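Please read these numbers as outputs of a predicted model, since none were measured by experiment. What's counted below: heavy atoms across the whole structure, side chains too, no hydrogens, waters or symmetry copies.
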Amino acid sequence: MDATALAKRAISARPVAATLRAVNRAPWLPEEARHRLYTRLTRRIDWDPTSVFTWTVPGGETLRIHRDGTIRELDLTGRYEEDSLPLFAACARRADAVLDIGSAEGIYALVAAASSPSAAVVAFEPSPGQHRRLAANLALNAGWTGDRLRASDLALANEEGTASFYDVPGNSSLNPDFRPDAPVVEVRVARGDDVVAELLPGRRIDLVKVDTESTEPDVLRGLAATIERDQPTIFCEVLAGRTEAALQELLDGWGYRTWWLGPDGPRGPEPIVGDPTYRHANWLFLPEGRTPTTS
């Protein structure tokens, strides 16, 4: 066994893992130190993949989540995308229907369902491994979500059919230039407008989250009719140097304004420029006349 494997075994021992988790969640730990401890050490702990943790959405339900995916950061640090997730939860409270596109293990979809007792939520995740984790997490919470929270293995884009999907859990994409050396699987592709008409007839789409690793412009093009009709609040990942110009053109055409979701809260409206550090990649898109405090 090499040194890396030995170190991983050592930090995965139950007493050591529990101590690391406690330190990583400590309220006195500075945020930068918390981030470094998690990325360099705590996230490398081998947890029992069948283990489950709980987290209560402020003002909402208590979630049960498997610890074998990226959402374990929420358990190990007490935080997960704090620049975006609390604001997303607030927006979901008033939503009739929510789309979580590029759902991974489903934290945004679960938070949307937990924040609103009546919202219909569809989580889209085409990666086979990630979709299994998504389905497992939804199953853990089926007692309170019922049939209003559903998972789909469709990849949303601006076309219909099948396509090659470059599958790296957490970083999967339809873009062949994004992860060109990744294993390739064939997935079903559909336009969001068509899927909304089929899965959510009569529902108003009030909230959309898009995180598809550099294909976000195509996803939004495929949702153009829905966006023009319903004027949803949109949370969107922006990868620096890849999608800014295409997204800006689309949003300007729809009369939307754009806010960067940084560490100090929404900043804007301002032109879309991706965070070169990738620490705060999410942006908020709102129709003109609305602001982050009124959305």
* Asked: Can you tell me how far CD of Gln231 sits from CZ of Phe285, rounded to the nearest 0.5 angstrom?
  -> 14.0 Å
* Taking the side chain from Arg133 and the backbone from Glu105, do they hold a donor-acceptor pair closer than 3.5 Å? -> no
* Asked: Quick one: does Asn137's side chain have a donor or acceptor within less than 3.5 Å of a partner on Ile107's backbone?
  -> no
* Structure fact -> Note: Leu286 and Pro292 closest approach over all heavy atoms is CD1-N, 3.5 Å
* To do: Would you mind listing every ring-ring contact (aromatic ring centres under 6.0 Å, His included) that reaches into residues 14-61, with sequence neighbours excluded?
  => none
* Asked: Ser103 and Asp100: side-chain donor and acceptor closer than 3.5 Å?
  -> yes
* Check: Thr212 main-chain N/O paired with Glu216 side-chain donor or acceptor under 3.5 Å -> yes
* Asked: Does the pair Glu213 and Val168 meet the rule for a side chain to side chain contact (heavy atoms under 4.5 Å, CB included), with working shown?
  -> CA-CA 11 Å; Glu213 306 301 328; Val168 179; over 6 Å; no
* **Donor-acceptor pair between His280 and Asp83 side chains, under 3.5 angstrom** => yes
* Looking at Leu223, Asp96, Val122, Thr226, which hits side chain to side chain contact (heavy atoms under 4.5 Å, CB included) with Ile205? -> Thr226
* Asked: Are a donor atom and an acceptor atom from the side chains of Ser127 and Asp167 found within less than 3.5 Å of each other?
  -> yes
* From CZ (Phe124) to CG (Asp153), nearest 0.5 Å -> 10.5 Å
* Is there a donor-acceptor pair under 3.5 Å between the side chain of Arg150 and the backbone N or O of Leu199? -> yes
* Asked: Which heavy atom of Leu63 sits nearest a heavy atom of Ala114, and at what distance?
  -> CD2-CB, 3.9 Å
* **Test side chain to side chain contact (heavy atoms under 4.5 Å, CB included) applied to Arg242 and Asn175, step by step** => CA-CA 11 Å; Arg242 290 184 178 270; Asn175 181 0; 4.3 Å; yes
* **Partners meeting side chain to side chain donor-acceptor pair (under 3.5 Å) with Glu288 (sequence neighbours left out)** => Arg257
* Asked: Can you tell me if Lys209 uses its side chain to pair, donor with acceptor, with the backbone of Glu237 under 3.5 Å?
  -> no
* Out of curiosity, does Leu284 fall in the hydrophobic cluster containing Val219 (side-chain heavy atoms, cut-off under 4.5 Å, transitive links)? -> no
* List the steps and the verdict of side chain to side chain contact (heavy atoms under 4.5 Å, CB included) for Ile65 and Asp75. => CA-CA 9 Å; Ile65 304 169; Asp75 176 53; over 6 Å; no
* Asked: Are the side chain of Arg191 and the backbone N or O of Glu159 linked by a donor-acceptor pair below 3.5 Å?
  -> no
* Asked: Has the side chain of Asp193 got a donor or acceptor atom that lies under 3.5 Å from a matching backbone atom of Ala225?
  -> yes
* Asp206 and Arg204: which non-hydrogen atoms are nearest, and at how many Å? -> OD1-NE, 2.7 Å
* With rounding to the nearest 0.5 Å, note down the distance linking CZ in Arg64 to CH2 in Trp144. => 12.0 Å
* Structure fact -> In terms of heavy-atom contacts, Thr243 and Ser214 come closest through CG2-O, 3.6 Å
* May I ask you to decide if Thr39's main-chain N or O and Arg43's side chain share a donor-acceptor pair within less than 3.5 Å? => yes
* To do: Check whether more than 12 heavy atoms from other residues, nucleotides or ligands sit under 6.0 Å from atom CZ of Arg132, and answer yes or no.
  => no
* **Side-chain donor-acceptor contact under 3.5 Å, Glu81 with Tyr108** => yes
* **side chain to side chain contact (heavy atoms under 4.5 Å, CB included) between Glu160 and Val189, intermediate numbers included** => CA-CA 5 Å; Glu160 183 178 357; Val189 178; over 6 Å; no
* Asked: How many angstroms lie between atom OG of Ser51 and atom NE2 of His66, to the nearest 0.5 angstrom?
  -> 9.0 Å
* To do: Consider only side-chain N and O atoms of Thr258 and Glu270, and report whether a donor and an acceptor are under 3.5 Å apart.
  => no
* Given side chains that start at C-beta, do those of Thr77 and Leu29 come closer than 4.5 Å, heavy atoms only? -> no
* Leu250-Leu239 co-clustered via ILVMFWY side chain contacts under 4.5 Å -> no
* Asked: Taking a hydrophobic cluster as the set of Ile, Leu, Val, Met, Phe, Trp and Tyr residues connected by side-chain heavy atoms closer than 4.5 Å, whether directly or through intermediates, do Val238 and Val208 fall within one such cluster?
  -> yes
* Restricting to pairs with a member in residues 216-259, which pass ring-ring contact (aromatic ring centres under 6.0 Å, His included), not counting sequence neighbours? -> Phe88-Phe235
* **Single-linkage hydrophobic cluster Leu200~Ile227, side-chain heavy atoms < 4.5 angstrom** => yes
* Asked: How long is the span from the CG atom in Leu251 to the CD1 atom in Ile272, to the nearest 0.5 Å?
  -> 5.0 Å
* Are Pro180 and Tyr166 side-chain neighbours, meaning at least one heavy-atom pair lies under 4.5 Å? -> no
* **Flag side-chain contact, heavy atom, 4.5 Å: Leu74 against Arg79** => no
* To do: Say whether, by atom type as modelled, one donor and one acceptor occur between the side chain of Arg188 and the main chain of Leu154 under 3.5 angstrom.
  => no
* Gly274 to Glu244 - nearest heavy-atom pair and separation -> N-OE2, 3.1 Å
* Asked: In this structure, are over 12 heavy atoms from other groups packed under 6.0 Å from Glu249 atom CD?
  -> no
* **ILVMFWY cluster, Val195 and Ile101 together (side-chain gap under 4.5 Å)** => yes
* Which heavy atom of Glu186 sits nearest a heavy atom of Ser164, and at what distance? -> OE2-OG, 2.9 Å
* Asked: Which value, rounded to the nearest 0.5 Å, describes the distance between Thr145 atom OG1 and Leu110 atom CG?
  -> 8.0 Å
* Spell out, as yes or no, whether a donor-acceptor pair under 3.5 Å connects the side chain of Arg72 to the backbone of Gly69. => yes
* To do: Taking atom types as modelled, find out whether Ser173 and Arg179 have a side-chain donor-acceptor pair closer than 3.5 angstrom.
  => no
